2 protein chains.
Amino acid sequence: MGEGQPDTRTRIQDAAAVLFRRNGYSGTGLKRIAAEADAPFGSIYHFFPGGKQQLTEETVRTAGTAYGRMVLELLDSLLDSLADDPVESVAKAFEAAADDLAATGYADACPIAAVAWEVASTNEALRVATADVFGEWVTAGEQWFARWVPDRDAARSLAHSLVMLLEGAFVLSRAARDREPLLLAGQSMATLLRTAIERTDRA
Amino acid sequence: MGEGQPDTRTRIQDAAAVLFRRNGYSGTGLKRIAAEADAPFGSIYHFFPGGKQQLTEETVRTAGTAYGRMVLELLDSLLDSLADDPVESVAKAFEAAADDLAATGYADACPIAAVAWEVASTNEALRVATADVFGEWVTAGEQWFARWVPDRDAARSLAHSLVMLLEGAFVLSRAARDREPLLLAGQSMATLLRTAIERTDRA
DNA sequence: GTCTATAAGGTGATAGAC
DNA sequence: GTCTATCACCTTATAGAC
């Protein structure tokens, strides 16, 4: 107990999260996961009897939920330091995402997108797992935007746009190894939010 | 010559395009490509001596360029039938994309996104190929938007947002097997374009 | 429970017959 | 130039020693 190395199961899942995020599902082998986790190969099947699919599903759900929570905490903390201006907070959040991506050599973007693209047509259990995570994100975003845009549909649309602009910007920024798409996405999201707030105030 | 079955090289590339789009790079085996193309395995290496990477690079560039051209033609034809209203045209284009995606059982979205996510950190030649295609799309979009938004940076930002919203909506719609994200993305894109045009008219 | 060895099949790639 | 057979390696998964 206490500090020290995390247990084997956790190390396996953490290594899997890193590799799935960077190389996708088919591009990541279980041997490689065991090696990066400093765990014997057999431990994967000991802790995840369902094999690669179970490991992937748990990793997608765990890492996906954690990422959503992290983004929300970032938004709240920016809001706190920016005089409760949600438009500025959203723009700064995209800048932070651009900084993080660049800092990892354009490797670590969305933790589940590569898997989501790959499995949607080929693995039903994993497709549902990615859809559930995206759904969580949209619901959380909807509640965040509802503070300034009480109309439910409008807030839900903003949340969708936030996730979609982020996902689209990630793939463009990662391919081009350039922060620009993420920064432009942040400005577009700011414009959408500003417009929705103006529409609310006018009503 | 004339009609009849396309030649072997074309059949291989067409089959590769379909499989890469649905299953990604690592998820697509050369054996499977040969089988779907009704071509002997050796023909792949006869026509693509650079192996899987060369086949993928040519497929990404060819299918990517064709897809960009198709979207632009759709936008122009919608413009024609909608009294030259670009805002309505953009919204309808996203609806058409939603229809197409649903019609293929949520299989055929962006022809290069799955590959782009997978290879960005692992294969430099393929990363550059996907970045080049995304760049083509942004440039073409910038020119299309310039008809109503002459400011170069504003038009370029709109083009980026179009591609990013489309990519993000594709991954969400495909995962959820639901047209809603694509429809919401179209409305957001319409809002962004309307705002940019208003800003232009005011200046 | 931890770890090794191996099975059974798929991978990209090549050599060479026809 | 079309096609087959095969190589060496890697994949997921399992059996069983310790």
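Not measured: the values here are computed from a predicted model. Residue numbers start from 1 in every chain, and the chains themselves are labelled A, B, ... in the order their sequence lines are given, proteins ahead of strands.
Of all the residues in residues 47-62 of chain A, A/Gly51, A/Lys52 reach under 4.0 Å from DNA chain D with at least one non-hydrogen atom. Within residues 28-37 of chain A, the residues that place at least one heavy atom under 4.0 Å from DNA chain D are, in residue-number order, A/Thr28, A/Gly29, A/Leu30, A/Lys31. Listed by residue number, the members of residues 6-20 of chain B with any heavy atom below 4.0 angstrom from DNA chain C form an empty set.
Taking the six-membered ring for Trp and thresholds of 30 and 60 degrees, B/Trp137 and B/Tyr67 have ring planes inclined between 30 and 60 degrees apart.
Closest approach to the B/Phe41 side chain among D/dT2, D/dA13, D/dA5 is made by D/dA5 (side chain taken as heavy atoms from C-beta onward). Counting only heavy atoms from C-beta on, A/Tyr45 has its side chain closest to D/dT14 among D/dT14, C/dT4, C/dG12.
No side-chain donor-acceptor contact under 3.5 Å links A/Glu57 and A/Gln53. When only modelled atom types and interatomic distance are considered, A/Ser161 and B/Ser188 share a side-chain donor-acceptor pair under 3.5 Å.
A distance of 11.0 Å separates CG in A/Leu172 from CG in A/Leu165, rounded to the nearest 0.5 Å. Going from atom CE of B/Met164 over to atom CE of A/Met189 covers 12.0 Å, rounded to the nearest 0.5 Å.
A/Lys52 NZ: more than 12 foreign heavy atoms inside a 6.0 Å radius. Around CZ of B/Arg177, the count of heavy atoms belonging to other residues, nucleotides or ligands within 6.0 Å exceeds 12.
With rounding to whole Å, B/Ile44 atom CD1 is found 14 Å from C/dT14 atom C1'.
For the pair B/Arg174 (side chain) and B/Ala107 (backbone), a donor-acceptor distance under 3.5 Å is present.
With respect to the salt-bridge test (charged N to carboxylate O, under 4.0 angstrom), the residues B/Asp76 and B/Arg147 qualify. Taking the charged nitrogens against the carboxylate oxygens, A/Glu180 and B/Arg156 do have a contact shorter than 4.0 Å, which makes a salt bridge.
Mapping A/Ser26 and B/Pro40 onto DNA chain D by nearest heavy atom places B/Pro40 closer to the 5' end of the strand.
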